[in-house]
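Along the sequence shown, the residues carry numbers beginning at 1. Order of listing sets the numbers, starting from 1, for every ligand and every atom in it.
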Amino acid sequence: MALGAYVSPIGEPGKRPPLRAQRSLRPATRTVALLGFGTVGRAVAQILCRTPESHLRLTHVFNRSFERKRVDWVPDRVQWTDNFHEVLNSNADTVVELLGGLEPAHEYIRQALISGKSVITANKHVMAKYGPELLELARRHGQQLEYGASVGGGLPVLAALHYGLAGDRLLRACGILNGTCNFILSNMEAKGTSLAATLAEAQKLGYAEADPSDDVNGLDAACKLAIVARLGLRAELNAFEIPRQSIANIQPSDFRYARQLGCTIRQISLAELDGQGVYAAVTPALVPLNSPLAAATDNQNAIIFKGERSGETLLVGKGAGGDPTAVAVVSDLLAIREGPCTPATSLAEKYPVAHLSCPHYLRVSGENGVDVLDALAPILDQHGVALEKSLEHSDKGKREWALTTEACGTGVVRELVRDLAQRERISESPLCLPILNSE
Ligand code: HSE
């Protein structure tokens, strides 16, 4: 045998095994209907159609105005349709939902499960909001519902929680769960590009949501965080109530100040059990340069789990884009077992969201170049916020201060920012971000 030659587990030397043969020696053919032929849908279809020896057979593509979407590399035997009932009444045994958004995706998933089809979905909105009831529905109908692509793109975040870390009690999940925001922030810093231009680039590359404000304002990451908290921390959170701060107010000067403080800026999703509740937030934050989260650039996601016994586990990789997400979808297709099965139902309990206490970064500027530092001190005092450091920067008559505070609650900080924004001598909206510690 030549050095490095591949020997197939089913006995044919030199040839890669069918995808499924890596798990089972005699796979049955699985017939797959695809809902949605956008960036991820196309990438999934490419894997299915260009891996001819695979036992995964694409039978239907459902899309509105499908005539515009047709491509010649999809075999003629595949049926294109804009009628969901055709999919429902077809012989496809598995539906891959890649439409995004809450409705009609949620209703289509329900109907597919009820009609005896297993479902794979990348839909974080649906799984954050309806995950437990859909998993229960799948169990009652003897079908599987897999949703690994809903968090982390190509990064096996949910697989790690389902299998690798299931034996531990997880206390904390902290990381980057939105590839678009990571692309924007890391490129704003590295290339000095504007937020609008970098977002347009992320849209072109297929990273952003159909409505990219969900990326920028943190809703996309909040849905993923709710799924991670349910599976990892056994904490059921309402994704739509997780406190969020948009990245839209980050300016080039914030990266400069962050550097002076030994940090960069990333959109951070954090959920941490604190005894009575769970602290959860999605917010841009100052991240120490020596943190692995600071090293994640472009469309990467990175997440650090902290377990009682396993300590810290880091996962990092491509978190957005057609190909990485399609890999997660096809991996889920391969994970579907034959016959009825019992998916893990959620054991999560409902938790209130608590406030975390940590040091903060505060940027303020004075109206018409006036000095606001003197005025700031008593206001911070009133709110019980202690100042730690201050950095000043003057530019063309505009005087700006970046301050750091000692540890204070995020609720207190929110009140402080609201108060500052109403003060006459202070111009523009003050910006306040948590500072992650370097542990
Ligand atoms: N818009 C999402 C992101 C896609 O940027 O992370 C992957 O879920």
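Nearest protein neighbour of atom 2 (C) of ligand 1, counting heavy atoms only, is Glu209 OE2, 3.2 Å. Looking at atom 5 (O) of ligand 1, its nearest protein heavy atom turns out to be Thr180 OG1, 2.6 Å.
Taking 4.0 Å as the cut-off, Gly153 does not count as a neighbour of ligand 1 on heavy-atom distance.
Per-residue contacts place Ala208 under 4.0 angstrom from the following atoms of ligand 1 (heavy atoms of the residue considered): 1 (N). Contact atoms of ligand 1 toward Gly179: 3 (C), 5 (O), 6 (O) (distance under 4.0 Å to a heavy atom of the residue). Residue contact check: Asp215 has heavy atoms under 4.0 Å from atoms 1 (N), 2 (C), 3 (C), 5 (O) of ligand 1. Under a 4.0 Å criterion applied to the non-hydrogen atoms of Lys224, ligand 1 contributes the atoms 2 (C), 3 (C), 6 (O), 7 (C), 8 (O).
A salt bridge is defined here as a Lys NZ or Arg NE, NH1 or NH2 lying under 4.0 Å from an Asp or Glu carboxylate O, and Glu189 with Arg259 meets this definition. Classification of Lys191 and Glu201 as a salt-bridged pair fails, no side-chain N sitting under 4.0 Å from a carboxylate O.
The neighbour count for Arg70 CZ, taken as heavy atoms of other residues, nucleotides or ligands under 6.0 Å away, is above 12.
Pairs passing the salt bridge (charged side-chain N to carboxylate O under 4.0 Å, His left out) check and including a residue from residues 96-114, sequence neighbours excluded, read Glu107-Arg110.
Between the side chain of Thr51 and the backbone N or O of Leu48, no donor-acceptor pair lies under 3.5 Å. Here the side chain of His141 pairs no donor or acceptor atom with the backbone of Arg139 at under 3.5 angstrom.
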